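Before any comments, here is the structure.
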Amino acid sequence: IPDDRILCIGDGIKTDILGAIGEDMDTLFISGGLALTETKTAGTPPQPDETALKAYFKTKMLEATYTIGELR
């Protein structure tokens, strides 16, 4: 499978997402996991607060390609 067809999924910004970025692959960050509180992920379906998510990425100095609240 070509790398540009792979999507790396995880809730650990400094592990899952950083590792995928290091391999130059697209990422899907699950904000309702380890960063639930910091990203203010809530609602039905759960989604992160946009301002809180941007602040979280800025604090961690990383940003995922895509983000969703939970993986179902």
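Only a predicted model underlies this, so the values are computations on that prediction, with no experimental measurement involved. Counting begins at 1 with the first residue of the sequence.
- With values rounded to the nearest 0.5 angstrom, L62 atom CG is found 5.0 Å from I21 atom CD1.
- Looking at T27, its side chain does come within 3.5 Å of a backbone N or O of T65 through a donor-acceptor pair.
- A heavy-atom distance below 4.5 Å is not found between the side chains of D24 and D3.
- Only one option out of I30, I68, L53 pairs with P48 in a side-chain contact (heavy atoms from CB on, under 4.5 Å); it is L53.
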Notebook entry, point to check: Checking side-chain hydrogen bond (donor to acceptor under 3.5 Å, both in side chains) for the pair S31/T41: CA distance, chi angles, key distance, verdict?
Noted result: CA-CA 6 Å; S31 65; T41 299; 2.8 Å; yes
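- Evaluation of the ring-ring contact (aromatic ring centres under 6.0 Å, His included) test over residues 35-64, restricted to residues two or more places apart or in two chains, returns F29-Y56, F29-F57.
- Among residue pairs with one or both ends in residues 31-49, none qualify as salt bridge (Lys or Arg N to Asp or Glu O under 4.0 Å); sequence neighbours excluded.
- Taken together through direct or relayed side-chain contacts under 4.5 Å among Ile, Leu, Val, Met, Phe, Trp and Tyr, M61 and I17 form parts of separate hydrophobic clusters.
- Linking ILVMFWY residues whenever their side-chain heavy atoms come closer than 4.5 Å, directly or via other members, leaves I1 and L7 in distinct clusters.
- Pairs of residues two or more places apart, or lying in two chains, that qualify as salt bridge (Lys or Arg N to Asp or Glu O under 4.0 Å) and include a residue from residues 54-72 are E50-K54, E70-R72.
- The main-chain N or O of D11 is found under 3.5 Å from a side-chain atom of D16 such that the two form a donor-acceptor pair.
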